[in-house]
Student: 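Once you've had a glance at the structure underneath, I'll fire off some questions.
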Amino acid sequence: MADVPGPLSAFIVGEIRRARGSAGMTQESFGRAAGFSASHVSAVEGGTRALTIDFIKGADRAVSNGGLFERLATKFGAPSWFLPWLDAERGATQLRYFEPDLIPGLLQVEHYARTVLRTVESLSDDEVEQRVEGRMSRQEILTGERRPQFVAVLDEAAIRRTGDGLGGIMAQQVAHLVAMAELPHVHVHVIPIASGLHIGLSGPFALARSSEGVWVGHLENQLGGDVIDKDDEVATLQARWESVRNEALPRRQSIDLLKEVESHHGPQYRPVA
């Protein structure tokens, strides 16, 4: 399950299987109650199909446990408002991300992700580590067998951000961006600071295209986020995507800029063994 640590996803699947057995339900009867086919239930329990928030909610309904499985996913994985987007992201054939201030989660290295998450004062150390683990697990979609085409547009300010103790982490992060940008299915483009004001500075957004050709968007803010699926709103995000993409440097020039910025940050962060 995207952005839920692998062990947690396996744990929830195991608990669903045990609850189904305790209720005396076959995969077929459980599937009818949950809204899925028996083959879908079998694939999830066997680990050949991703666990999604829709399946979790269906499992909660099927065994009438008051939403226990969804609470587990929310408490120890991603926030509930993020789960619908993660389902869209996991099944996407194409992904588009624009970020004016931060590196997109799918391209973050562990130490950068941890530093970003530690700015949320309400998160405990354990919760930060759980979310870092989940974010690293989520990145597997870029290296798996069914890899989506991934295009990220970043503002130059996001890769030049620095501060006390941050230079080495940023050097490591930008080096990772260079390595990812060299992959055939990953495109990283940078909007140079010299571009001045542009529509993307209004905030980050993302777009995902499903295997059926349907696009959905995602908007994140200080309090949560929303999946955007209305045609007119998706069209607005697509138009804004074209605007920020046109402001960005071509792929090779963006990689050259990333390499220059990496050297500016100095030696990479090396954790003590």
Side-chain angles (χ1 to χ4, degrees), residues 1-6 8-9 12 35 44 49-60 67 69-108 113 116-117 120 123 127-128 130-144 146-154 158 185-186 200 202-241 244:
M1 181 173 179
D3 219 32
V4 174
L8 175 60
S9 179
I12 293 176
V44 171
R49 189 159 189 162
L51 178 66
T52 66
I53 190 60
D54 285 341
F55 190 91
I56 288 174
K57 289 180 176 179
D60 281 331
F69 299 135
E70 185 178 1
R71 289 198 300 276
L72 283 172
T74 301
K75 174 64 176 176
F76 299 109
S80 58
W81 56 263
F82 200 38
L83 293 174
W85 169 251
L86 295 176
D87 287 347
E89 185 182 76
R90 182 65 176 262
T93 59
Q94 296 180 48
L95 288 168
R96 307 284 185 261
Y97 272 84
F98 169 71
E99 278 283 356
D101 300 307
L102 295 171
I103 308 302
L106 289 178
L107 295 176
Q108 292 179 6
V116 170
L117 288 167
V120 183
L123 293 179
E127 288 172 328
V128 167
Q130 288 162 1
R131 294 198 182 187
V132 169
E133 183 181 357
R135 191 162 296 181
M136 297 302 102
S137 175
R138 175 180 160 209
Q139 294 176 3
E140 292 173 3
I141 65 172
L142 295 182
T143 56
R146 299 180 60 186
R147 298 174 295 184
Q149 181 198 57
F150 181 88
V151 185
V153 173
L154 314 176
H185 65 290
V186 176
S202 298
F205 62 90
L207 289 158
R209 184 180 188 271
S210 71
S211 57
E212 292 79 27
V214 177
W215 285 92
V216 297
H218 185 257
L219 295 175
E220 192 169 336
N221 57 57
Q222 289 282 346
L223 299 178
D226 295 292
V227 171
I228 308 301
D229 56 9
K230 293 182 180 179
D231 290 346
D232 57 339
E233 294 178 340
V234 171
T236 297
L237 287 182
Q238 288 176 324
R240 294 195 175 191
W241 169 260
V244 297

Student: If you compare all heavy atoms of P148 against all heavy atoms of A92, which two are closest, and at what distance to 0.1 Å?
Tutor: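 Between these two residues, the closest heavy atoms are CB-O, 3.4 Å.
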
Student: Between CZ of F69 and CD1 of I12, what distance do you get to the nearest 0.5 Å?
Tutor: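 Spacing of CZ (F69) from CD1 (I12) equals 8.5 Å.
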
Student: Testing the basics here: between I103 and A158, what is the closest heavy-atom pair and its distance to 0.1 Å?
Tutor: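 That closest heavy-atom pairing would be CD1-O, 4.1 Å.
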
Student: Measuring only between side-chain heavy atoms, which start at C-beta, is E127 closer than 4.5 Å to V120?
Tutor: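 SC-SC contact between E127 and V120 ruled out.
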
Student: Suppose we screen for side chain to side chain contact (heavy atoms under 4.5 Å, CB included). Which residues come up paired with D229, at least two apart in sequence or across chains?
Tutor: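 D229 satisfies side chain to side chain contact (heavy atoms under 4.5 Å, CB included) with V216 only.
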
Student: What residues form a side chain to side chain contact (heavy atoms under 4.5 Å, CB included) with S211, not counting sequence neighbours?
Tutor: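 Testing S211 for side chain to side chain contact (heavy atoms under 4.5 Å, CB included), a comparison that skips the adjacent residues, returns T93.
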
Student: Tell me which one of Q139, R138, R135 satisfies side-chain hydrogen bond (donor to acceptor under 3.5 Å, both in side chains) with Q108.
Tutor: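 Option passing the side-chain hydrogen bond (donor to acceptor under 3.5 Å, both in side chains) with Q108: R135.
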
Student: If the test is side-chain contact (heavy atoms from CB on, under 4.5 Å), which one of R90, R147, R146 qualifies with I141?
Tutor: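 Exactly one pass, corresponding to R90.
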
Student: Tell me whether the count of non-hydrogen atoms from other residues, nucleotides or ligands lying under 6.0 Å of CG in D231 goes above 12.
Tutor: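 Open.
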
Student: What distance separates I228 CD1 from H218 NE2, expressed to the nearest 0.5 Å?
Tutor: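 Reported to 0.5 Å precision, the distance equals 8.0 Å.
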
Student: Taking the side chain as every heavy atom from C-beta outward, state whether L107 and L154 have any pair of such atoms under 4.5 Å apart.
Tutor: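 L107 vs L154: side chains apart.
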
Student: What's the spacing between L106 CG and M136 CE if we round to 0.5 Å?
Tutor: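 If I round to the nearest 0.5 Å, the distance is 9.5 Å.
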
Student: Would you say H185 and Q94 make side-chain contact, with heavy atoms under 4.5 Å?
Tutor: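 Sidechains of Q94 and H185: no contact.
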
Student: Is there a side-chain contact between W215 and L237, using heavy atoms and a 4.5 Å cut-off?
Tutor: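 Result no, sub-4.5 Å side-chain heavy-atom pair not found.
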
Student: Could you label the plane-to-plane angle of the W241 and F205 rings as parallel, tilted or perpendicular, counting under 30° as parallel and over 60° as perpendicular?
Tutor: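 The rings of W241 and F205 stand perpendicular, inter-plane angle above 60°.
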
Student: Measure the spacing between CH2 of W85 and CG of L219 and express it to the nearest 0.5 Å.
Tutor: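 Those atoms lie 9.5 Å apart.
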
